Amino acid sequence: MSLQTLNSLLWNQRQLLETLLFKLEEEQLLLTSGRSRWLPRATTEVEAVVEQLREAELARAIESSSVCTELGIDPDAPLSEVAANAPTQWQDILAGHRVALIQLTSEIGQVSSSNRELLASSQRAIAETLSHLEATTATYTEQGTATSVETNPRLFDQNL
């Protein structure tokens with residue numbers, strides 16, 4: 001029976017999810033510390049793990065379908081149903097994988113959501129700062145010569 005292979009694929013998937021969680025937490029540390037220099041690299045690493053997860057999920061789905069066929073259940077059955085119909089020695093193992101996968105997925109969702117909020121907040125702060133800055137404006141005179149008009153930057157409250 002291919003339960004041993006399915007078990008190995010589930011372990012691999014769990015490890016990849018843990019790696020993804022780690023990479024997202026790294027990204028979060030960069031966001032909260034304001035060290036944006038490494039943010040593109042962290043994002044690239046997250047994307048690489050996500051791609052590995054896609055491949056792992058496909059392999060797991062194929063193997064799970066095969067196991068389901070051997071167990072005489074629907075080939076698209078969820079892991080909980082596979083565990084319930086597996087031989088006794090595999091039930092706890094598969095159920096443990098299911099619980100771990102649910103927990104990791106939940107944690108990943110929370111960190112991802114937090115990272116999105118941090119990014120949105122940073123974007124708003126940057127946009128607000130830029131809207132208060134007034135740069136030198138280049139223009140042309142009626143004679144066609146270049147001139148520049150300086151404006152006052154408003155980084156500080158001028159009323160103080």
Side-chain angles (χ1 to χ4, degrees), residues 1-135 137-138 153-155:
M1 199 171 269
S2 354
L3 282 167
Q4 182 62 43
T5 304
L6 179 60
N7 180 49
S8 295
L9 292 170
L10 288 167
W11 273 114
N12 181 50
Q13 200 168 19
R14 284 172 66 171
Q15 290 171 339
L16 287 170
L17 286 171
E18 287 175 351
T19 301
L20 178 59
L21 181 57
F22 172 74
K23 294 297 180 186
L24 287 169
E25 287 184 1
E26 273 184 334
E27 197 173 55
Q28 188 175 70
L29 290 171
L30 290 171
L31 288 167
T32 57
S33 71
R35 295 184 175 245
S36 59
R37 173 184 176 191
W38 300 111
L39 202 52
R41 176 180 257 176
T43 301
T44 300
E45 290 175 357
V46 166
E47 290 168 353
V49 176
V50 168
E51 183 57 36
Q52 290 175 341
L53 269 166
R54 284 187 186 113
E55 294 169 10
E57 176 59 24
L58 179 61
R60 187 208 54 81
I62 291 168
E63 191 61 33
S64 181
S65 178
S66 173
V67 167
C68 288
T69 301
E70 290 177 25
L71 295 173
I73 59 176
D74 180 24
D76 295 325
L79 187 54
S80 59
E81 192 175 333
V82 175
N85 288 284
T88 308
Q89 67 270 23
W90 287 102
Q91 290 178 354
D92 288 340
I93 294 169
L94 296 174
H97 282 305
R98 181 180 176 275
V99 169
L101 291 171
I102 289 170
Q103 181 181 358
L104 284 166
T105 303
S106 174
E107 289 179 61
I108 288 167
Q110 291 169 357
V111 174
S112 294
S113 176
S114 178
N115 287 0
R116 278 190 298 275
E117 289 173 16
L118 286 168
L119 283 168
S121 175
S122 295
Q123 183 182 15
R124 282 190 303 273
I126 290 169
E128 184 177 313
T129 301
L130 290 175
S131 73
H132 292 339
L133 294 177
E134 294 178 13
T137 305
R154 293 184 290 167
L155 282 177

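Everything quoted here is computed from the prediction, not taken from an experiment.
Atom-to-atom distance recorded for Ser64:OG and Leu10:CG is 7.5 Å, nearest 0.5 angstrom. The CD atom of Glu107 sits 7.5 Å away from atom CD of Glu25, with the distance rounded to the nearest 0.5 Å.
Thr105 places a side-chain N or O within 3.5 Å of a backbone atom of Leu101 that can act as its donor or acceptor partner. Without hydrogens or angle criteria, Thr69 side chain to Ser65 main chain gives a donor-acceptor distance under 3.5 Å. At least one donor-acceptor pair under 3.5 Å links the side chain of Thr44 to the backbone N or O of Pro40. No donor-acceptor distance shorter than 3.5 angstrom exists from the side chain of Ser66 to the backbone of Ile62, with no hydrogens or angles considered.
Using a 4.5 Å heavy-atom cutoff, the side chains of Val46 and Asn115 are not in contact. Within the 4.5 Å cutoff, no side-chain heavy atoms of Leu20 are placed close to those of Leu16. Contact annotation: the side chain of Val82 approaches that of Cys68 to within less than 4.5 Å [non-hydrogen atoms, C-beta and beyond]. Contact of the Pro87 side chain with the Leu71 side chain is registered, since non-hydrogen atoms from C-beta on lie closer than 4.5 Å. Between Trp90 and Asn7, the closest side-chain pair of non-hydrogen atoms falls below 4.5 Å. Leu24 places a side-chain heavy atom less than 4.5 Å from the side chain of Ser112. Side-chain contact between Ser106 and Gln103 is absent, with no heavy-atom pair separated by less than 4.5 Å. Side-chain contact check for Leu53 versus Thr19: every heavy-atom pair is 4.5 Å or farther apart.
For the pair Glu51 and Arg54, the salt-bridge criterion is met [side-chain N within less than 4.0 Å of a carboxylate O]. Note on Arg60 versus Glu63: no salt bridge recorded, every NZ/NE/NH1/NH2 to OD/OE distance being 4.0 Å or above.
Nearest heavy-atom pair across Gln91 and Ala86 is NE2-O, 2.9 Å. Across Glu27 and Thr43, no two heavy atoms sit closer than the pair OE2-OG1, 2.9 Å. When all heavy atoms of Leu17 and Ile108 are compared, the closest pair comes out as O-CD1, 3.5 Å. Nearest heavy-atom pair across Ser114 and Gln28 is OG-NE2, 2.8 Å. Summarising the geometry of Glu70 relative to Ser2, their closest heavy-atom pair is OE2-OG, 2.9 Å, with the distance given to 0.1 Å. Taking all atoms of both residues into account, the shortest heavy-atom contact from Ala59 to Leu9 is O-CD1, 3.6 Å.
The environment of CG in Asp92 is sparse: at most 12 heavy-atom neighbours from other residues, nucleotides or ligands sit within 6.0 Å. Atom CZ of Arg98 is surrounded by 12 or fewer heavy atoms from other residues, nucleotides or ligands within 6.0 Å.
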(Q) Could you walk me through whether Leu94 and Val67 satisfy the side chain to side chain contact (heavy atoms under 4.5 Å, CB included) test, starting with their C-alpha distance in whole Å, then the side-chain angles of each, then the deciding distance to 0.1 Å, before giving a yes or no? (A) CA-CA 12 Å; Leu94 296 174; Val67 167; over 6 Å; no
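When each of Glu18, Glu57, His97 is checked for a side-chain hydrogen bond (donor to acceptor under 3.5 Å, both in side chains) with Gln13, only Glu57 meets the rule.
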